[in-house]
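The structure appears right after this line, and notes come after that.
To find a chain, count down the sequence lines: A is the first, B the second, and so on, and within it residues start at 1. Reckoned from all heavy atoms, side chains included, excluding hydrogens, waters and symmetry mates.
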Amino acid sequence: MKAFLMFVRKESYHIFRDPRTLLILFGMPVALVTLFGFALTNEIKNADVAVLDFDHGVHARQVQNRLFSSGYFGLRDYARNYPDVAAAFRRGHVKLAVVFPAGFSSDFDHLGHAQVQLVADASDQNTAISLVNYATAIIRSYEQEVAPHRSGSPGPRVEAVARLYFNPGLKAAYTFVPGTMALILLLVSAMLTSITIAREKETGTMEVLLVSPMRQLPIIIGKILPYFLLSFVNGLIILALGVWVLHIPERGSLALLILETLLYILVALTLGVLISTRAASQQTAMLTSMLGLLLPTLILSGFLFPIESMPLPLQTVSRLIPARYFIVILKGIMIKGLGLRELWRETAVLFGMAGGLLLLALGSLKNRLA
Amino acid sequence: MPAVELTNISKAYGATQAVRNVSLTVEPGELFGLIGPDGAGKTTLFRILATLLLADAGTATVAKHDVVREFRAIRNVVGYMPGRFSLYQDLTVQENLEFFAAVFRTTVRENYELVRDIYEQLVPFKDRRAGALSGGMKQKLALCCALIHKPELLLLDEPTTGVDAVSRQEFWHMLSTLKERGITIVVSTPYMDEAALCERVALLQTGQVLRVDTPAALRESYPWPLYAVRAARMHPLLQDLRAYPAAHSCYAFGETAHLSLAQPDAAAEAHLKAYLTAKGHHDVSVAPVPATIEDTFMDLLQTHHSAPVS
């Protein structure tokens, strides 16, 4: 036991005396979560819009006011004719043009029916569709507000209203932040432990350590433990960033959230140790954990692409990705407010992974030199 | 029961045969040297003894334990110092020592007496990181760490390679002190002058043992009359000596040439001087010298190459 504690202390010295480790541990997650959280988004904010107003009437002006006070659109160009609009699109200045034909306001008042033209830059089709949808919604709500009180006949109107649960604003952060948190925790934790045993092999200290009464299990646990404590702090920082900076709600049990995070960290650390027992050098270990974990996690965890729309073989492979389960757990607890009763399956899978990876790591940490 | 016993040990790395059919015994309390150039198989032998490598063939026991079946027992009683400096460079001198003491389930205080002489030289640097020590200091620290659990047997793989002459001398002095305390020591070195400091040495070449004997016996076993020859210019001297009809062999030996003759000749010195003067050498001096271990080793290599022992 004393030997084990000393081993843990030694590992802690390694960590705290290597500024690189600390930078990876604390600098990288903060930078990445913030970066992903803010930059990786399909939300529309202040999209550049050109306006071509042939009407100059009161309704045209009010629709414009609604559009630009919504926060989704920003007035970029006030065009005078169609060629102006076309030029703005070609230069990539604007994403959307709103054209009010002459007589828009009078048609609206007298016919109760008026047309407005929305022209979107569909070279980015997703953005174009969103922009048109947003603008249509805003225009329709204006029409609804104004029309009944003008005509004096508040007859019942049938409107198709889509209500979006959990994320009514379709906030991208709700999709991206849990995925990013899962990705970053996995990468940072696995990367750190992946270099530890490889380092002992590279510097030759493994040779001395092997010719000692120290067994495999205390070596592996001793490697994991200090990183476990540090990664826990790290996990808390990432959760706090998610909640306070990126405004993800925390609707479920905080204790459960923290315990699940710890479990996930354990899986990641054991995965790192497993890589470390196989890699001959720190560089191999680092690259393996970086590339070997980054891409599969990014692509197959359901972070970027929905698992349901993957071909069946890939869906099967995605079952091996720990982040897949943790993303479900994170979203479940934070956004939906679920508890262990709904999330026990994912939790059990993570437990199984931690145990299995530990056994694999134990099996592949050799008693002798290769 | 010997402290170390190797019987017909062989080990190959792929197509490279590192060790061939080696049999050796080391008696308890002995200071035993493995002498040979790089690539002779010294490190492989150490790793087999330290239970780090499995031999392809043959058996070995260390401290009465089989290196394959009872490797855990061996790891408790052996102090192993690999050829490369293998301590934690980012830990201080003291932290390294304490770490290895704890790993071997003991404390620095318990066995301090054993390492005191060596460690006292390190005390002024005890808070310095091991990576920042000089070569000689590193070796002393590594020896302390290998000794801190009071091993029965020390396995030291080229402990003095890359260490300055003064530190080398100190290091061998420490080894003789440790030997007096009854610790069996197996040490390897590529330096022939250090071979003379061992009680017995095994001369190794390309994975084979050429001979095992005491340094004195090795020196005495040299079969040829040997002369140290000096002249103003070394290179032509060697060439002319090799061309000398009565020569058996000739090697540069520091600033002199060691010439052995195929036949004893009472007037050899006079003949040689006459021969060399005729070849145009000046400041020629010829004197009979006793053979060193290196002479014996070179001679063994030559006979070994002309008639390979298998």
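Shown here for B:R84 and A:K201, the closest heavy-atom pair between the two residues is NH2-O, 4.1 Å. Nearest approach of B:V103 to A:S212, heavy atoms of both residues: CG1-OG, 3.3 Å. Of all the heavy atoms in A:K2 and B:T106, the pair that sits closest is NZ-O, 3.7 Å.
Interface remark: A:L209 contributes side-chain atoms only to the contact with chain B (heavy atom separation under 4.5 Å). In this structure, no portion of A:R199 lies under 4.5 Å from any heavy atom of chain B. At a 4.5 Å heavy-atom cutoff, the contact between B:F100 and chain A is made by side-chain atoms alone. If you measure heavy-atom distances from B:L91 to chain A, the contacts under 4.5 Å come from both the backbone and the side chain. The parts of B:T92 that come within reach of chain A are both its backbone and its side chain, each placing non-hydrogen atoms under 4.5 angstrom from that chain. Heavy-atom distances place no part of B:Q89 under 4.5 Å from chain A, backbone and side chain included. For chain B, the nearby parts of A:T205 are the backbone and the side chain; heavy atoms of each come within less than 4.5 Å.
Enclosure of atom CZ in B:R181 by more than 12 non-hydrogen atoms of other residues, nucleotides or ligands within 6.0 angstrom is indicated. Within a 6.0 Å sphere centred on CD of B:E27, other residues, nucleotides and ligands contribute more than 12 heavy atoms. Within a 6.0 Å radius of NZ in B:K179, more than 12 heavy atoms belonging to other residues, nucleotides or ligands are found. Atom CZ of A:R319 is surrounded by 12 or fewer heavy atoms from other residues, nucleotides or ligands within 6.0 Å. More than 12 heavy atoms of other shown residues, nucleotides or ligands fall within 6.0 angstrom of atom OH in B:Y191.
Between A:N367 and B:R75 the shortest side-chain heavy-atom distance falls below 4.5 Å.
Note that the CG atom of B:D90 and the NZ atom of A:K10 stand 8.5 Å from one another [nearest 0.5 Å]. For the atom pair B:R105 CZ and A:M1 CE, the distance stands at 12.5 Å (nearest 0.5 Å). If you take CE on A:M206 and CG on B:L52, they are separated by 10.0 Å, rounding to the nearest 0.5 Å. From B:T51, atom OG1 reaches atom CZ of A:R368 across 6.0 Å, with rounding to the nearest 0.5 Å.
Partners of B:E95 according to the salt bridge (Lys or Arg N to Asp or Glu O under 4.0 Å) rule, which considers only residues two or more places apart in sequence or in another chain, are A:R17.
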Please list every donor-acceptor pair under 3.5 Å in which a side-chain atom of residues 124-132 of chain B meets a protein atom from a residue at least two apart or in another chain.
none

